[in-house]
Amino acid sequence: MEEKYDPKQIEPKWQDRWEKENLFKAHVDKAKKKYYLMEMFPYPSGNIHMGHVRNYTIGDVVARYKKMQGLNVLHPMGWDAFGMPAENAAISNNTHPAKWTYNNIATMRAQLKKLGFSYEWDREIATCKPEYYKWEQWLFIKMFEKGMAYRKKAFVNWCDTCTTVLANEQVEADACWRCGQPVRQKELDQWFFKITDYADDLLVHCDKLGGWPEKVTTMQKNWIGKSVGAEVDFKMDQSDEVIRVFTTRPDTLFGSTFMCLAPEHPLVLKLSSGKIQEKAVKAFVEKISTQDRTSKSIENYEKEGVFTGAYSINPMTGKKIPVYAANFILMEYGTGAVMSVPAHDQRDFDFAKKYGLEIKVVVNTEKGGLDAETMTEAYAGEGIMVNSGQFDGMKSNVALEAITDFLEEKNIGKKAVTFRLKDWGISRQRYWGAPIPMIHCKTCGVVPVPMESLPVVLPEDAELLSSGGSPLPHLDFFKKVTCPKCGNPDARRDTDTMDTFVESSWYFERYCSPGCGTGMFEKEDVDYWMPVDQYIGGVEHAILHLLYSRYFTRVLKDIGLVDFKEPFTRLLTQGMVNKETLKCATHGYLFPDEAERKGDAASCKKCGKDVEIGRVIKMSKSKKNVVDPNVLLEQYGADTTRLFCLFAAPPEKGLDWSDEGVEGSFRFLNRVWRIALSCIDLTKGIPPYKGDAGKLSGANRELFRKMHQTIQKVTTDIEERFHFNTVISAAMELVNQMYTFDLEKKDPERDSVLKGALETVVLLLSPIVPHFSDEIWEKMGNTESILLTQWPVYDENALVVDEVLIVVQVNGKLRGRFTINSDADDNTIKERALADELVQKFIADKPLKKVIVIKNKLVNIVV
RNA sequence: GCCGGAGUGGUGAAAUUGGUAAACGCAGUGGACUCAAAAUCCACCGGCUUCACGGCCUUGUCGGUUCAAUUCCGACCUCCGGUACCA
């Protein structure tokens, strides 16, 4: 009776063995080439989901592959353990965020272990532990001392009923998600990191990140958004005030017929004060202050503004122009004021049409013909200057420089650069985060907590408020402190916590010395391991997390803690794991097992009503379109789960979940298992064929060639593209070819070739299905884990083919094919192609125009 | 809205540098084995057309470049991700 493939028995066996043998332990070894591989650590939300399985499987394959290539591999794992869901769970289940988080970590760690990932668990970190955030607080104080962390006022979403701040996610249709109260914008003092100091450097280095997907660096470049232009001072009519505007188009200055200020601009209320417009302006500012002012919504609002009653003077024309406050101007960007040129900017054009303001053409097209009266849209292109005094007739790109120089000469303007990137606001009015290590004293102002008093420990015995607000401001034992500078006993501790993106901006360095008690990390560890050679994670992090990490690394470099600027040499952004959603009219979103599927329709198991089968979107708990990896592990085991995740799609693409494919992956492993067992029996004592390919013949030679082709394909597909789906296809083809042999017939030559093919299949699959491979490897008589075996190398000579297939096209259409010796010259190939019967039929008596011969591939005959 | 990406058979996908569109799977159909079933093995499997050889069409839509376009260029449509307090 043949032994069946039983993952339930094999997988725990190998997981134990790997752990006992310390197979994944990494040590600094300067004699060896290092490879630091890291996947984005998970937020401990409760259970591992398919997105994690996919991400970590990709990483594990690379880790194991690099190890087999002989590199010193560091492959750590940890927990992004602070964050809002812990607080929400605490409120709804009455459990403490800490308890909830640590329970989730325990569950998820066990799940990751069951998947057989090659993590070095000794390096595990959890960002909610004081020994981790202590060093974050330490860095915060360093940054404060350098002026890199500073305070300014900023708006937050505020719910008056719950008296709490709401995250953008907690705002649904401009109202609080808990109570439905309309959300108001409230201004608070908050901490900011000066990422804008590094805007240019972050931008310039985008082009040097050769190992990053171009789409990610493009998105980062656009996010940073450098604009070159000029700042221009506009004097006010009848007052000494000056309004400074930023423009990227100083060439259009003569065409500026009005001006717009951000509603928050300090001059808005001042200018209208005492005028008949005062009331309307106040109402407008008030209205805007209730609106969400994020870049997402701002472009969606209908352009709206109000006249302040004041005029400024266009410095070129000397004409009075009205000053408006407008909802599409952002205070954070540029100077919070723009000169409006309706003829050459679409937003200004729309605004001018709406409020009946003058439109003046100052840049005409080469052909001329722009007319302010008849224009239906702004002309934003380059052209020839008109209506612009001494600059008339110049090309607009030349005038841009000339006018800027003119402004500098007259001292009313200068060249200026503006970035779209804003400073990073890190204050969160929340409980479950790292406390900001600052103290507010009435006499000394803002004072850092002394370094020796760190960490400022987040009090774990706090009770969460049902409104969702942070309990920290209500905890006197936490809040009340003595000022470390003057001894004033009435000082107040900062009760805000840090944005969780702060923790994830340096965890990759912490992995290098996870237990370090004297600093963020040991320099020699970081010097050896960093930068990360390969980072793998979801595309959704393409901007924020990755940009913040790049910024933090620069800060660490400037403090002298590290010697490099860029933390991640190569980046792989995997696509999301998606699934259709199911929604019942009465019961809302349903889990897959709460609905009865009937072909294209489905009904709710609770009420029997029809269920709406929704769009295929990113798997998420709130939409309940999830697949529980536990179920797959239970039914098929880790290897099948891993195999399917990789086979279904290339990593960078989205993966739309289907249950059917999993079965096929399991079937494939069984197919390999069966041929392995019969080969092992058949080839006992026979060494794998290692000789000259030319000495083999027929099917044996074909298999030998296929084996080397497969090694080549698999190696380049992993090395260059991480396309594991084609890696698996290639392995399947090799296995299929092994199945064409009749093992009943005796053939010692075949047996040794077959043995080599089996060894190859198992080695090539081992990073993907490690338990399975180690088990077969052991059955083949090996005593060491397959992970410690060298990755196979292909033999160039074995790839040589004698005959190639040539296809023949007539006018680009496929008409015939033939095989020919692979070293035949172009002329021979051409003759053969023209002689082909079918080809002749299509050429008929038409004259030949051209014949294109592509060696070893194709002939195209043009008639 | 803005920025980035994707779209190929019934279905997941492949085609790496512009050179045979659909490799390898899933689902399906037929056959072998079996008392029977499961499992397994073998064969077929884009559409229309043809007794057949074959022909015509087909990579979201429309147009362009080229001897040749899934691949390059332009316009558009749909979907997905990000949009600064979800992580």
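On a predicted model such as this, the values are computed, not experimentally measured, just so you know. In what follows, every chain begins at residue 1, and chains take the letters A, B, ... in the order their sequences are listed.
- Counting only heavy atoms from C-beta on, A:Val156 has its side chain closest to B:rC85 among B:rG4, B:rC85, B:rA13.
- Nucleotides B:rA6 and B:rC45 have their P atoms positioned 32 Å apart, rounded to a whole Å.
- When the C1' atom is compared between B:rA21 and B:rU70, the two are found 8 Å apart, to the nearest whole Å.
- Contact between the side-chain N/O atoms of A:Thr500 and the OP1/OP2 oxygens of B:rA87 is found at a separation under 4.0 Å.
- Between the CD atom of A:Glu652 and the P atom of B:rG4 there is a distance of 19 Å, rounded to whole Å.
- You'll find that the side chain of A:Gln809 is closest to B:rU20, out of B:rA87, B:rA14, B:rU20.
- Considering only side-chain N and O atoms, A:Asn725 lies nowhere under 4.0 angstrom from the phosphate OP1 or OP2 of B:rA23.
- Separating the CZ atom of A:Phe155 from the P atom of B:rA84 is a distance of 16 Å, rounded to the nearest angstrom.
- Within 4.0 Å of A:Ala542, counting heavy atoms only, lies no atom of the nucleic acid at all.
- By the 6.0 Å contact criterion, NZ on A:Lys849 is open, its count of non-hydrogen atoms from other residues, nucleotides or ligands being 12 or less.
- One can place CD1 of A:Ile48 at 17 Å from P of B:rA87, the figure rounded to the nearest angstrom.
- The residue A:Val171 sits apart from the nucleic acid: no heavy atom pair falls under 4.0 Å.
- In summary, the side chains of A:Tyr548 and A:Asp499 do not present any donor paired with an acceptor at a separation below 3.5 Å, with no hydrogens or angles considered.
- Here the options are A:Val183, A:Val165, A:Asn88, A:Asn157, the test is side chain to side chain contact (heavy atoms under 4.5 Å, CB included), and the partner is A:Gln170; only A:Asn88 passes.
- Neither OP1 nor OP2 of B:rU20 sits under 4.0 Å from any side-chain N or O of A:Arg815.
- Within the 4.0 angstrom heavy-atom criterion, base atoms lie near A:Gln190.
- Looking at heavy-atom distances under 4.0 Å, A:Arg667 makes contact with sugar-phosphate atoms alone, never a base.
- Rounding to whole angstrom units, CD of residue A:Glu169 and P of B:rA87 are separated by 8 Å.
- Listed candidates were B:rU16, B:rG81, B:rC67. Nearest to the side chain of A:Lys713 is B:rU16.
- Backbone-only engagement by A:Val862 is indicated by non-hydrogen atom pairs under 4.0 Å involving sugar-phosphate atoms exclusively.
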Worksheet item: Under a cut-off of 3.5 Å for both distances of each Watson-Crick or G-U pair, what dot-bracket string does RNA chain B give, using [ ] for crossing pairs and | for inter-strand pairs?
Response: (((((((..(((......[....))).(((((.......))))).((((....))))..(((((..]....))))))))))))....

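- With distances taken from any side-chain atom of A:Arg674 to the nucleotides B:rA14, B:rG82, B:rU40, the minimum falls on B:rU40.
- Closest to the side chain of A:Ser729, from the set B:rA13, B:rC24, B:rC26, is B:rC24.
- Taking 4.5 Å as the limit, some side-chain heavy atom of A:Leu799 sits within range of a side-chain heavy atom of A:Gln709.
- In this entry the distance linking CD1 of A:Ile543 with C1' of B:rC3 reads 7 Å, nearest Å.
- Scanning atom types as modelled, no donor and acceptor separated by under 3.5 angstrom connect the side chain of A:Glu540 and the base of B:rC80.
- Taking atom P in both B:rC57 and B:rG63, one finds a spacing of 15 Å when rounded to whole Å.
- In the set B:rG25, B:rU20, B:rC86, the nucleotide with an atom closest to the side chain of A:Met732 is B:rG25.
- With hydrogens and angles left out, the side chain of A:Lys813 and the base of B:rU20 share no donor-acceptor pair within 3.5 Å.
- Contacts of A:Asn860 with the nucleic acid, taken as non-hydrogen atoms under 4.0 Å apart, include base atoms.
- Contact annotation: the side chain of A:Trp673 approaches that of A:Glu3 to within less than 4.5 Å [non-hydrogen atoms, C-beta and beyond].
- Between A:Asp499 and A:Arg721, the one whose closest nucleotide on RNA chain B sits nearer the 5' end is A:Arg721.
- RNA chain B is contacted by both A:Met576 and A:Val216; A:Val216 maps to the nucleotide lying nearer its 5′ end (nearest heavy atom per residue).
- The listed nucleotides are B:rG7, B:rG12, B:rC24; the one nearest the side chain of A:Lys653 is B:rG7.
- At the heavy-atom level, A:Ile861 lies nowhere under 4.0 Å from the strands shown.
- Ranking B:rG25, B:rC41, B:rG19 by closeness to the A:Phe647 side chain, first place goes to B:rG25.
- A donor and an acceptor atom, one from each side chain of A:Arg671 and A:Asn736, are located under 3.5 Å apart.
- At the heavy-atom level, A:Ser427 lies under 4.0 Å from base atoms of the strands shown.
- Under the 3.5 Å distance criterion, the side-chain polar atoms of A:Asp80 are left unmatched by any main-chain donor or acceptor of A:Phe41.
- Out of B:rG4, B:rC85, B:rA87, the shortest distance to the side chain of A:Gln429 is found at B:rC85.
- Put simply, the side chain of A:Leu838 does not reach to within 4.5 Å of the side chain of A:Val808, judged on heavy atoms.
- Separating the CZ atom of A:Phe501 from the P atom of B:rA84 is a distance of 11 Å, rounded to the nearest angstrom.
- The side chain of A:Arg420 places no N or O atom within less than 4.0 Å of a non-bridging phosphate oxygen (OP1 or OP2) of B:rC2.
- Under 4.0 angstrom from either OP1 or OP2 of B:rC67 there lies at least one side-chain N or O belonging to A:Lys850.
- Separation of the A:Trp506 and A:Tyr132 ring centroids falls under the 6.0 Å cut-off.
- Judged by distance alone, with hydrogens and angles left aside, A:Glu663 brings no side-chain donor or acceptor close enough to the base of B:rC26 to form a pair under 3.5 Å.
- Classified by its glycosidic torsion, B:rG9 falls in the syn category, the angle being within 90° of 0.
- A gap of 28 Å separates the P atoms of B:rA13 and B:rA75, to the nearest Å.
- Only the C1' atoms considered, B:rG4 is 23 Å distant from B:rU59, to the nearest whole Å.
- Atom P of nucleotide B:rC53 and atom CG of A:Leu838 are separated by 12 Å, given to the nearest angstrom.
- Annotation: side chain of A:Tyr507 is in contact with side chain of A:Met38 (closest heavy-atom distance under 4.5 Å).
- With both ends at atom P, the span from B:rA22 to B:rG28 equals 24 Å, rounded to whole Å.
- Proximity of a side-chain donor or acceptor of A:Arg642 to a complementary backbone N or O of A:Ile768 within less than 3.5 Å is detected.
- Between the C1' atoms of B:rU78 and B:rA23, the separation comes to 29 Å (whole Å).
- Across the P atoms, B:rG10 and B:rC85 are found 45 Å apart, a figure rounded to whole Å.
- Side-chain atoms of A:Asn168 and base atoms of B:rC85 include no donor and acceptor less than 3.5 Å apart.
- Put simply, CD1 on A:Ile105 is 15 Å from P on B:rA87, counting in whole angstrom units.
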Worksheet item: Checking side-chain hydrogen bond (donor to acceptor under 3.5 Å, both in side chains) for the pair A:Tyr133/A:Thr497: CA distance, chi angles, key distance, verdict?
Response: CA-CA 11 Å; A:Tyr133 65 73; A:Thr497 52; over 6 Å; no

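- Applying the 4.0 Å criterion to OP1 and OP2 of B:rC85, one finds that A:Arg428 has a side-chain N or O inside that range.
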